[in-house]
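A quick write-up on the structure given underneath.
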Protein chains: 2
Amino acid sequence: MRSAEFDKEKVLRAAIAAFVNKGYNKTSMQDLKKATGLHPGSIYCAFENKEGLLIAALEQYNKDRCGEFSDYFSGEKTVLAGLKNYLMKTVTNCTSSGPERVCFSQQALSELSEQTSAVEAVISKNLNDWQQGFIWIFEQALAAGEIDNSRTAKQRTQSLVMGIYGLRTFAHTHPTVDVLEELATQLLEDVSR
Amino acid sequence: MRSAEFDKEKVLRAAIAAFVNKGYNKTSMQDLKKATGLHPGSIYCAFENKEGLLIAALEQYNKDRCGEFSDYFSGEKTVLAGLKNYLMKTVTNCTSSGPERVCFSQQALSELSEQTSAVEAVISKNLNDWQQGFIWIFEQALAAGEIDNSRTAKQRTQSLVMGIYGLRTFAHTHPTVDVLEELATQLLEDVSR
DNA sequence: GCTGTTGTTGAATGATCATTCAAGTACTTT
DNA sequence: AAAGTACTTGAATGATCATTCAACAACAGC
């Protein structure tokens, strides 16, 4: 038995960057070869086909995002302060020039929803995991008395998630830190009122 | 001189429906032929190329949306009531199965921003026209005393536009009228507070 | 160090794509 | 109704795409 010569996580992160830059449909196998350093045959051997690579990339992306989620909240006195961290980081991400300027899951949702069900399922799982994180966060805030129960944790989460979707889309037209920070601050206020 | 045999507006609306269903990149010339009833040669004669058709379609879409904008507000006692009309219509559009479930300008923004500048300019114009409409609306509301001046019309507009972007994206994962109506109602409240 | 197995390579394949253009067709003008 | 002009048609073109596969290379067990 001979082991594969490439680092799967590195390859997937490179693929994510390639997909994010051009969108899935516009990213050709040649682009992916250049980005990952893998030859077509190896990609097909490891991921079956382009869609398989997309699915694996989406799963890797979810793993990476879930892993860093708690970092925004640890070391903060209040839950809302952690949420502010998260939103401010989202703003700087949006104005970056690297692949982090786009949320891969959201981009895939916009480009590929109502197309192939296998991909849709993974996107759905990613976004659901993300929402669950926020629900837990708002439950913490409720328990700590930082917010009242005029709205449930789930309701607040849905408003927040909707707001972040909108923030990221808005950033495509207005990628300035000032405006985005103001919008993010307002969003935080609305969602925690 | 012989006049063209097709109705340009009808063709463009058919093209919009085709683009919206599959996304620009996935919509082939054959799809467009089927949707518009025009043969490739005619399309190229009238719009130069696929990108030219996209630009013309985006312009037609903007014209159509601008034309119906004031309808939501005329016949309403208050500006905020008109805004509620607009948002509720957006919700039903999102849950529809026809092409109106997607905002063509927003879809194009997500799929094509940072690609060709000619297309970007038209998308930018569309979204700007749309924002200007809301700015005017909020100025009316301010003058009528429906809202206070704790935030400017432009600030409120940016929050609203961001919220609508988010609402439409959220609808891709959760296309139920109940949830979307709740989110839209909350958005209206936040933006008019 | 030899052999079998498994990963890697990249040119070849066939499908699909946007685009073109020469032939055909219908309208307008006279 | 004849002639000219302009629009329509759809098969042909060349580029690009995802995918395959046979030759090649490297590792493991013996």
Side-chain angles (χ1 to χ4, degrees), chain A residues 1-58 104 107-108 111-112 115-120 122, chain B residues 1-58 104 107-108 111-112 115-120 122:
Chain A
M1 184 59 170
R2 187 184 157 201
S3 61
E5 287 181 3
F6 58 85
D7 179 346
K8 210 162 189 170
E9 291 201 357
K10 269 192 184 175
V11 163
L12 288 175
R13 291 200 188 100
I16 290 168
F19 283 140
V20 154
N21 277 326
K22 287 200 175 186
Y24 173 73
N25 283 312
K26 269 263 171 179
T27 306
S28 69
M29 225 52 205
Q30 263 205 52
D31 293 328
L32 291 168
K33 179 190 160 190
K34 204 181 293 179
T36 63
L38 255 54
H39 292 251
S42 297
I43 295 180
Y44 278 81
C45 181
F47 305 106
E48 188 157 22
N49 54 26
K50 195 185 168 188
E51 188 180 304
L53 176 58
L54 171 67
I55 290 174
L58 282 165
F104 187 32
Q107 192 199 43
E111 186 179 354
L112 303 164
Q115 310 248 134
T116 61
S117 60
V119 177
E120 267 186 289
V122 183
Chain B
M1 183 64 167
R2 188 184 156 201
S3 60
E5 286 181 1
F6 57 87
D7 178 346
K8 208 161 192 172
E9 292 201 356
K10 269 192 183 173
V11 163
L12 288 175
R13 291 199 188 100
I16 290 168
F19 283 140
V20 153
N21 277 328
K22 287 201 177 186
Y24 173 72
N25 282 312
K26 269 263 170 179
T27 306
S28 69
M29 225 52 205
Q30 262 205 54
D31 293 328
L32 291 168
K33 179 192 161 188
K34 204 181 293 179
T36 63
L38 256 52
H39 292 251
S42 298
I43 294 180
Y44 279 81
C45 181
F47 304 105
E48 187 156 22
N49 53 25
K50 196 184 166 188
E51 188 180 302
L53 176 59
L54 171 67
I55 289 174
L58 281 165
F104 187 32
Q107 192 201 42
E111 187 179 354
L112 305 163
Q115 310 246 136
T116 61
S117 59
V119 177
E120 268 185 288
V122 183

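Letters A, B, ... are given to chains in the order of the sequence lines, protein chains preceding strands, and every chain is numbered from 1.
In this structure, OG1 in B/Thr116 is found 6.5 Å from CD1 in B/Ile55, a value given to the nearest 0.5 Å.
The nearest whole Å value for the distance from the NZ atom in A/Lys50 to the P atom in D/dT19 is 8 Å. If you take CZ of A/Phe47 and P of C/dT8, they are 11 Å apart, rounded to a whole angstrom. Note: CG (B/Asn49) to P (C/dT20) measures 8 Å, nearest angstrom. For the pair B/Leu54 CG and C/dC17 P, the interatomic distance rounds to 17 Å; values are reported in whole Å. Straight-line distance from the OH atom of B/Tyr44 to the P atom of C/dT19: 3 Å, rounded to whole Å.
Evaluation of the side chain to side chain contact (heavy atoms under 4.5 Å, CB included) rule for A/Ala56 yields A/Leu12, A/Phe47 as partners, not counting sequence neighbours. Remark: A/Glu51 pairs with no residue by the salt bridge (Lys or Arg N to Asp or Glu O under 4.0 Å) rule, at least two apart or across chains. Shown here are the side chain to side chain contact (heavy atoms under 4.5 Å, CB included) partners of B/Ser42, two or more places apart in sequence or in another chain: B/Leu38. Partners of A/Thr27 by side chain to side chain contact (heavy atoms under 4.5 Å, CB included), not counting sequence neighbours, listed by chain and number: A/Ala18, A/Phe19, A/Lys22, A/Asp31, A/Leu32.
For residues 32-49 of chain B, no residue pair satisfies the salt bridge (Lys or Arg N to Asp or Glu O under 4.0 Å) rule, not counting sequence neighbours. Each salt bridge (Lys or Arg N to Asp or Glu O under 4.0 Å) pair with one or both residues in residues 9-20 of chain B, not counting sequence neighbours, appears once here: B/Glu9-B/Arg13, B/Arg13-B/Asp64. Listed by first and then second residue, the ring pair (Phe, Tyr, Trp, His ring centres under 6.0 Å) pairs that reach into residues 26-45 of chain B come to none, sequence neighbours excluded.
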Q. According to the Watson-Crick and G-U wobble definition with distances under 3.5 Å, which dot-bracket string, read 5' to 3', encodes DNA chain D, using [ ] for crossing pairs and | for pairs with another strand?
A. ||||||||||||||||||||||||||||||
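For the segment residues 17-43 of chain B, the set of residues with a heavy atom within less than 4.0 Å of an atom of DNA chain C comprises B/Thr27, B/Ser28, B/Met29, B/Pro40, B/Gly41, in numerical order.
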